[in-house]
Protein chains: 2
Amino acid sequence: MWDAMVDAAGKEELGEAGALDVSSIEHSVIFQIKRTQALLTRRFQSRFAGFDLRPGEYGILLLIATNPGRKQTEIADALGIQRANFVPLINSLERRHLTERRPSLHDRRSNALYLTPYGEDFVQGIYQAEATFEAECTVRLGGAKSREAFLALLSRLVAGAAPTSP
Amino acid sequence: MWDAMVDAAGKEELGEAGALDVSSIEHSVIFQIKRTQALLTRRFQSRFAGFDLRPGEYGILLLIATNPGRKQTEIADALGIQRANFVPLINSLERRHLTERRPSLHDRRSNALYLTPYGEDFVQGIYQAEATFEAECTVRLGGAKSREAFLALLSRLVAGAAPTSP
DNA sequence: TATTGTTATACTCTATAACTATA
DNA sequence: TATAGTTATAGAGTATAACAATA
């Protein structure tokens, strides 16, 4: 053992023991939001593993459900997905007979997106699981009021201009 | 034009006009935190473009600065980076003479990580830019008190058990 | 037997450019 | 000329498995 010279209770010039000083990142908004998002996504994925959907596909199904007949670009834009990256996602959903593309009646360049009857049933399961997951978030955040405050703070972070004090 | 039959002011059976109904994702914690994180990371990256660092490298430099002599696994763990993915990051920093690996005095398996003198200077610039960025986040969130509340809510989301009302 | 650092590898997400058909 | 969808491709970030050296 090379550590015979080390004072077990204290520090030594090279190589300390014990927990790291993480103060520089612990109070950083950018670091903490990144960590929280990563952990929440993992939790979400493990909870929704039964649906066998990639992260982006949940949003696509939900938005088509409430906005049937819209074109791919519109759904993609609303989710922040580029149209080139949207194609393999909607292909995968269509291959599973959850959605379908119909030619638009107004613009022969675009596809109108719809859920299949099977897709409608499928989305009901997502609604329920989503509601359960969000309810758990609400509990963690300390209630509905706290949850709304949290969402409001998130939207303030993304807002175009920095608002002054309320 | 195929849309002669469409009532410009209202809706038609297939293909509506106007904004999408995004209520299903707008009030979702998981969707909003993901969107906010993505936008904040872009903003951070554009603001820190001058440093030519990948996202993970900021945290590594900050943690080595406050924890010199720690081994790779410790720094990686604190940042949620797997040790296999840590290697190319620390290699890149070392190639730029910002950090260096020294053999540990206690454990010949591990490397002790240090900033070079140049790395120390470099980190000062990061501190300043970070402080500016975080100060901007504070303004957006509505002040220091609101910021602390936001960080507290983030930590509640990641907490192991769901806490009851405070 | 377990841990540290490393390599290799794969998979996802994201980003850009270019093509086609329509407008 | 611009837009919608598509293809191809490249870059990050992240995941696991396996290995050598050391504990």
Side-chain angles (χ1 to χ4, degrees), chain A residues 1-4 6 15 17 31 34-35 37-42 44-46 48-49 52-60 69-95 99-113, chain B residues 1-4 6 15 31 34-35 37-39 41-42 44-46 48-49 52-60 69-77 79-94 99-113:
Chain A
M1 296 285 250
W2 284 53
D3 57 1
V6 181
F31 277 94
K34 187 173 183 177
R35 164 176 309 186
Q37 191 268 337
L39 192 142
L40 225 59
T41 297
R42 280 163 173 266
F44 182 90
Q45 285 285 75
S46 74
F48 284 70
D52 192 29
L53 293 174
R54 280 167 288 182
E57 296 176 332
Y58 294 97
I60 294 176
R70 294 303 192 117
K71 54 187 178 184
Q72 298 184 190
T73 310
E74 290 178 305
I75 303 293
D77 283 354
L79 292 166
I81 303 172
Q82 298 185 65
R83 69 188 199 278
N85 297 327
F86 188 86
V87 176
L89 294 172
I90 195 69
N91 280 346
S92 171
L93 293 174
E94 200 166 85
R95 225 175 292 122
T99 64
E100 59 180 9
R101 282 179 263 218
R102 301 183 201 159
S104 167
L105 299 180
H106 320 299
D107 186 338
R108 280 150 63 199
R109 293 173 299 181
S110 64
N111 300 325
L113 300 180
Chain B
M1 294 286 249
W2 284 54
D3 58 1
V6 181
F31 277 94
K34 188 171 182 178
R35 164 176 309 187
Q37 191 268 336
L39 192 142
T41 297
R42 281 165 173 266
F44 183 90
Q45 285 285 75
S46 74
F48 284 71
D52 192 28
L53 292 174
R54 281 169 287 181
E57 295 175 334
Y58 294 99
I60 295 176
R70 295 302 191 117
K71 54 187 177 183
Q72 296 184 190
T73 310
E74 291 178 306
I75 303 293
D77 283 355
L79 292 167
I81 302 172
Q82 297 184 66
R83 70 187 197 279
N85 297 326
F86 188 86
V87 175
L89 293 173
I90 195 69
N91 280 346
S92 171
L93 293 174
E94 199 167 86
T99 64
E100 59 181 9
R101 282 179 263 218
R102 302 184 201 158
S104 167
L105 299 180
H106 320 299
D107 187 338
R108 280 151 61 201
R109 293 173 300 182
S110 63
N111 300 324
L113 300 180

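So that the names make sense, note that chain A is the first sequence line, chain B the second, and so on, each numbered from 1. Computed from a predicted structure; not experimentally measured.
In this entry the distance linking CZ of Arg101(A) with P of dG5(D) reads 9 Å, nearest Å. In this structure, Arg102(B) atom CZ and dG5(C) atom C1' are separated by 18 Å, rounded to whole Å. Protein atom CG of Leu105(B) is 15 Å distant from nucleotide atom P of dT22(D), rounded to whole Å. One can place CD of Glu94(B) at 13 Å from C1' of dT6(C), the figure rounded to the nearest angstrom. To the nearest angstrom, C1' of dT4(C) lies 12 Å from CG of Leu113(B). Here the P atom of nucleotide dG11(D) and the CD atom of Gln45(B) are 17 Å apart, to the nearest Å.
With sequence neighbours left out, Ala112(B) forms a side-chain contact (heavy atoms from CB on, under 4.5 Å) with Tyr114(B). Not counting sequence neighbours, Gln45(B) has no partner by the side-chain hydrogen bond (donor to acceptor under 3.5 Å, both in side chains) test. Phe48(B) pairs by the ring-ring contact (aromatic ring centres under 6.0 Å, His included) definition with Phe44(B), Phe51(B), Tyr58(B), not counting sequence neighbours. Residues satisfying the salt bridge (charged side-chain N to carboxylate O under 4.0 Å, His left out) test with Arg83(B), not counting sequence neighbours, are none.
Using a 4.5 Å heavy-atom cutoff, the side chains of Glu74(B) and Ser110(B) are not in contact.
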Can you list, pair by pair, the side-chain donor-acceptor contacts under 3.5 Å of residues 84-93 of chain B, counting residues two or more places apart and other chains?
from: Asn91(B); atom 1: OD1; to: Arg101(B); atom 2: NH2; distance (Å): 2.2
from: Asn91(B); atom 1: ND2; to: Val87(B); atom 2: O; distance (Å): 3.4
from: Ser92(B); atom 1: OG; to: Arg54(B); atom 2: NH2; distance (Å): 3.4
from: Ser92(B); atom 1: OG; to: Glu57(B); atom 2: OE2; distance (Å): 3.3

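Contact between the side-chain N/O atoms of Arg108(A) and the OP1/OP2 oxygens of dA21(C) is not found at any separation under 4.0 Å. Side-chain nitrogen and oxygen atoms of Ser110(A) include none within less than 4.0 Å of the OP1 or OP2 phosphate oxygen of dT3(D).
When the nearest nucleotides of DNA chain D are assigned to Arg42(A) and Asn91(A) by heavy-atom distance, the more 5′-ward of the two goes with Asn91(A). The 5' end of DNA chain D is approached more closely, in terms of each residue's nearest nucleotide, by Ala112(A) than by the other of Ala112(A) and Lys34(A).
When distances are taken from the side chain of Asn111(A) to each of dG5(C), dG13(D), dT6(D), the shortest belongs to dT6(D). Candidate nucleotides dA15(C), dA21(D), dG5(C) were compared by shortest atom distance to the side chain of Arg109(B), and dA21(D) ranks first. In this structure, the nucleotide among dT6(D), dT22(C), dC13(C) sitting nearest to the side chain of Asp107(A) is dT22(C).
At a non-hydrogen distance threshold of 4.0 Å, Arg83(A), Ala84(A), Val87(A) from residues 79-90 of chain A come into contact with DNA chain D.
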